[in-house]
Peer 1: 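Below you will find the structure I want to go over with you.
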Amino acid sequence: MTHSQLLRGTVLTFDADPGEAPTPDADSLRYWEDGAVWVEGGRIRAVDDFSALAPHVPEEVEIVDYRGKLIMPGFIDSHVHYSQLDIIASFGRELLDWLNDYTFPAECRFAERAHAEEVAERFLDELLRGGTTTAQVFCTSHPGSVDSIFSAAQQRRLRLLAGKVLMDRHAPETLTDTATGGIRDSERLIADWHGKDRLAYSLTPRFAPTSSREQLDAVGGVLRNDASLYLQSHLSEHRGELAWVAELFPECRDYLAVYERYGLVGPRSTYAHGIHLSEDERARLADAGANIAFSPTSNLFLGSGLFDRLATRDAGVVTSLASDVGAGTGLCGLTTLQGAYQVGALLGQPLTAWQGLYRLTLGNAKALHLDHRIGRIQAGYEADMVVLDLAATPLLARRTQVAETFGERLFAMMILGDDRCVYATWADGRLVHQRDAHDHHEAPQKRAPASS
């Protein structure tokens, strides 16, 4: 018989964008104060009030008691460099200097398969510690770095998108590939991993300056041949970067036009940052259906600029939330939300907890075209969930105790929370992270009367 569990606790899930107002649109979410999620065979079989659902669940189903905690869909990270885990919190530089001083030296170490495998395991540990169950990941230019992260994710039955960095110029020789060699490696990796279990492949030209015209053209060819592939890169992160792109590609009217020229801008394309975009570029991104991954902690840390979230949204551009790491300051989605709030506050567009948590879950799932599989707690969806503790620290416990509304408690968690708030993480119907293994909540509980 398929193993199943009934997770009991407060349940919150979004069905639509809640809007920007302090009070969410009424039809945008579902909430059960004493809810239950029935998980079976890696899927969500049902969700409802505990008293309504429990009588319909067989006696042998384990009850996992998370009362006093909040159960939500697992967090989703739309842009993150796993190879930069060891350089997080390196003394600040502007983007291009930071790449040369920290990123490229760190990525050279991934030529050693053992190093790539060790970092992949630690990176996934940190993702799950922060409540993230799906991520779109930059590897390095070494094919072994891609094999390592996919293999580790497959063993843990995680949903992951990743790709080999394509970079044939303006980088250390040990990191550069060639236009033909990089595509050959990518095609092998696609054959080995794309569509296997919960894995998908993202073609990954690092950014326009580090790819020749020949390489960008070859990437476009691969993308045109398989509409199921993803693409990830960077766009308009720093003003110095924009000037460099203009110098390298004088035939293109702006930065986005470089990618457009080679067929790299489409509905499965994710471009990180997008801070310094013109109105015309935003309109073209919207027409193409491409996604901008807002990486607030990275943008603040490197001083790259402030992403105008509402201008991008009003232009019709799909946006998502991302940690970026290592220029970012943490892998936990709550850390990303704190940065997003700060950026928004400086622009007069503060982020509500409703909008922020929607973005981390269903919003990011939609941006990655995965909202039919993840991002909701709903029957038939994959059972990826995070269990959050709104009293994880003394200060947060005190603040939430005096909060008058559920929304106020959520906002306090968003601003004061970190990975300590992540009490447990479930992926594919399995408990994959437990904050305190000695806590009595970890063990399945005995069946109690449905009315309790």
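The figures that follow rest on heavy atoms only: side chains count, while hydrogens, waters and symmetry mates do not. Along the sequence shown, the residues carry numbers beginning at 1.
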Peer 1: Check whether the side chains of Gln84 and His81 place a donor and an acceptor atom closer than 3.5 Å, and report yes or no.
Peer 2: yes

Peer 1: Start with the C-alpha distance between Asp17 and Gln355, add both sets of side-chain angles, then the distance that settles side-chain hydrogen bond (donor to acceptor under 3.5 Å, both in side chains), and finish with yes or no.
Peer 2: CA-CA 7 Å; Asp17 190 324; Gln355 182 63 216; 2.9 Å; yes

Peer 1: Looking at Ser51, is its backbone amide N or carbonyl O close enough to the side chain of Asp49 to form a donor-acceptor pair, meaning the two atoms are under 3.5 Å apart?
Peer 2: no

Peer 1: Return yes if a side-chain donor-acceptor contact under 3.5 Å exists between Tyr31 and Glu33, otherwise no.
Peer 2: yes

Peer 1: Within this structure, what is the OG1-CE distance for the pair Thr10 and Met72, rounded to the nearest 0.5 Å?
Peer 2: 12.0 Å

Peer 1: Under 3.5 Å, is there a donor on one side chain and an acceptor on the other for Asp177 and Gln215?
Peer 2: yes

Peer 1: Is there a donor-acceptor pair closer than 3.5 Å between any side-chain N or O of Ser233 and the backbone N or O of Pro205?
Peer 2: yes

Peer 1: Evaluate the side-chain contact (heavy atoms from CB on, under 4.5 Å) criterion for residues Ile377 and Met385: first the C-alpha distance (whole Å), next the side-chain angles of each, then the deciding distance (0.1 Å), finally the verdict.
Peer 2: CA-CA 8 Å; Ile377 297 178; Met385 289 170 287; 4.1 Å; yes

Peer 1: Before you tell me yes or no, could you show the steps for His3 and Glu62 under side-chain hydrogen bond (donor to acceptor under 3.5 Å, both in side chains), namely the whole-Å CA-CA distance, both residues' side-chain angles and the distance that decides it to 0.1 Å?
Peer 2: CA-CA 9 Å; His3 187 62; Glu62 297 173 338; 3.2 Å; yes

Peer 1: Name the residue from Leu127, Val432, Asp428, Leu124 that meets the side chain to side chain contact (heavy atoms under 4.5 Å, CB included) definition with Arg156.
Peer 2: Leu124

Peer 1: Measure from the side-chain N and O atoms of Tyr201 to the backbone N and O of Lys164, and report whether any donor-acceptor pair falls under 3.5 Å.
Peer 2: yes

Peer 1: Judged by modelled atom types alone, do Asp324 and Ser295 share a side-chain donor-acceptor pair under 3.5 Å?
Peer 2: no

Peer 1: Does one side chain, of Asp226 or Ser228, offer a donor that lies under 3.5 Å from an acceptor on the other?
Peer 2: yes

Peer 1: Applying the side chain to side chain contact (heavy atoms under 4.5 Å, CB included) test to Gln5, which of Val64, Val57, Ile63 qualifies?
Peer 2: Val64

Peer 1: Rounded to the nearest 0.5 Å, how far apart are CZ of Phe411 and CZ of Arg399?
Peer 2: 9.0 Å

Peer 1: If we ignore angles and hydrogens, is there a donor and acceptor under 3.5 Å between the side chains of Ser320 and Asn291?
Peer 2: yes

Peer 1: Report yes if the distance between the aromatic ring centroids of Phe294 and His79 is under 6.0 Å, otherwise no.
Peer 2: no

Peer 1: Spell out, as yes or no, whether a donor-acceptor pair under 3.5 Å connects the side chain of His234 to the backbone of Phe207.
Peer 2: no

Peer 1: Quick check: closest heavy atoms across Ser148 and Glu117, and the distance to 0.1 Å?
Peer 2: OG-CG, 3.3 Å

Peer 1: With Gln136 as reference, evaluate Leu160, Val80, Thr270 under the side chain to side chain contact (heavy atoms under 4.5 Å, CB included) test and give the passing residue.
Peer 2: Thr270

Peer 1: Quick one: closest heavy-atom pair of His433 and Val422, and the distance?
Peer 2: NE2-O, 3.8 Å

Peer 1: Kindly give the heavy-atom pair with the smallest separation between Ala327 and Leu302, and that separation in Å.
Peer 2: CB-CD1, 3.6 Å

Peer 1: Side-chain contact, heavy-atom cut-off 4.5 Å: Arg213 with Asp217?
Peer 2: no

Peer 1: Hey, does the side chain of Arg359 reach the backbone of Thr319 with a donor-acceptor pair shorter than 3.5 angstrom?
Peer 2: yes

Peer 1: Using modelled atom types and a 3.5 Å cut-off, is there a donor and acceptor pairing between side-chain atoms of Asp418 and backbone atoms of Arg420?
Peer 2: yes

Peer 1: Donor-acceptor pair, Glu241 side chain versus Glu237 backbone, under 3.5 Å?
Peer 2: yes

Peer 1: Looking just at side-chain N and O atoms, do Ser323 and Asp77 make a donor-acceptor pair shorter than 3.5 Å?
Peer 2: yes

Peer 1: Distance-only, no hydrogens or angles: does the Tyr82 side chain make a donor-acceptor pair with backbone N or O of Val325 under 3.5 Å?
Peer 2: no

Peer 1: Assess, by modelled atom type and distance only, whether the side chains of Asp147 and Trp193 contain a donor and an acceptor separated by less than 3.5 Å.
Peer 2: yes

Peer 1: Tell me if a side-chain donor or acceptor on Asn364 pairs with a main-chain N or O of Ile76 at a distance below 3.5 Å.
Peer 2: yes

Peer 1: Using the six-membered ring of Tyr423, assess whether NZ or CZ of Arg435 lies under 6.0 Å from its centre and within 45 degrees of the ring axis.
Peer 2: no

Peer 1: So Asp168 and Thr176, side-chain hydrogen bond (donor to acceptor under 3.5 Å, both in side chains) or not? Walk me through it.
Peer 2: CA-CA 5 Å; Asp168 65 349; Thr176 53; over 6 Å; no

Peer 1: Does the Arg45 side chain pair with the main chain of Trp38, one donor and one acceptor, at a distance under 3.5 Å?
Peer 2: no

